[in-house]
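A quick write-up on the structure given underneath.
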Amino acid sequence: MIHIAKDFSHLIGQLPGMTDKQVETHLGLYAGYVKKLNEIEEKLKLTDPVDSNYSYGVFSELKRRETVAFNGSYLHQSYFENMTPQPSAARDELDKAIIEAWGSREKFEADIKGSAASTPGWVILTKNQVDGRLHTYIMYEHHIGFPIKNDVLMALDCWEHAFAIDYGTNKAAYVDNFLKVVDWEVVAQRYQTLR
Ligand SMILES: [Fe+2]
């Protein structure tokens, strides 16, 4: 299939605490991942796997980067989908699941902030298929650290490119702002879909 970058231009200039330049630049990077994903998938079809090798092989290199481009594309899609200019709040089933997992909203937010401080990559909120509960996990780059048997409910981009234009090195301030622009309706819909 041909992967297509979704149009998130409606977010430019609309997200509180995020400048046009920050969001535009980031959307450009997202489009780049989608382009590379298509390129890698196309090249894989045309490349003979026979000479694959751990040290170097054309097919091997494509396989090593395939997940970078795939996760880079769809983590970004999830991230932009789960932000909104309109204030929203977790409620009903999702809020119940958050309280079950963390005990309070404050502890949940403290987990997100601590997780963000622990990675140069991504924080994901997931529903774990093994225990049925909500979890946060951290990922490095786009392809390292994703736990199997988990469905992503919310993605938080912690790469410096996500915040450096607006916040410099102050990732904590970016995460504080992110928590104000999370689209909890979208996160709740993802949660409901799994039930
Ligand atoms: Fe990003």
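What you see below is based on every heavy atom in this structure, not just the backbone, and it leaves out hydrogens, waters and symmetry mates. When a ligand or atom number is given, it counts from 1 through the structure's own listing order.
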> Would you call the rings of F178 and Y174 parallel, tilted or perpendicular, where under 30° means parallel and over 60° means perpendicular?
Replying inline: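 The arrangement is tilted - the two ring planes meet at 30° to 60°.
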> So H26 and H161, would you call those rings parallel, tilted or perpendicular, with 30° and 60° as cut-offs?
Replying inline: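 The rings of H26 and H161 stand perpendicular, inter-plane angle above 60°.
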> Backbone N or O of M83 within a donor-acceptor pair of the D183 side chain at under 3.5 Å?
Replying inline: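 No; judged by distance alone, with no hydrogens or angles, the pair does not exist.
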>> Looking at P85, is its backbone amide N or carbonyl O close enough to the side chain of Q14 to form a donor-acceptor pair, meaning the two atoms are under 3.5 Å apart?
In response: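 Here the side-chain-to-backbone pair does not exist.
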>> Can you confirm if the NZ or CZ of R190 lies within 45° of the ring axis of W184 and under 6.0 Å from the centre of its six-membered ring?
In response: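 No, R190 does not lie over the aromatic ring of W184.
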> Got a second to check how far T119's OG1 is from Y137's OH, nearest 0.5 Å?
Replying inline: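 Here the rounded value is 15.0 Å.
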> Can you list the protein N, O or S atoms less than 2.8 Å from the Fe ion (ligand 1)?
Replying inline: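 The answer is H26 NE2, H76 NE2, D157 OD2, H161 NE2.
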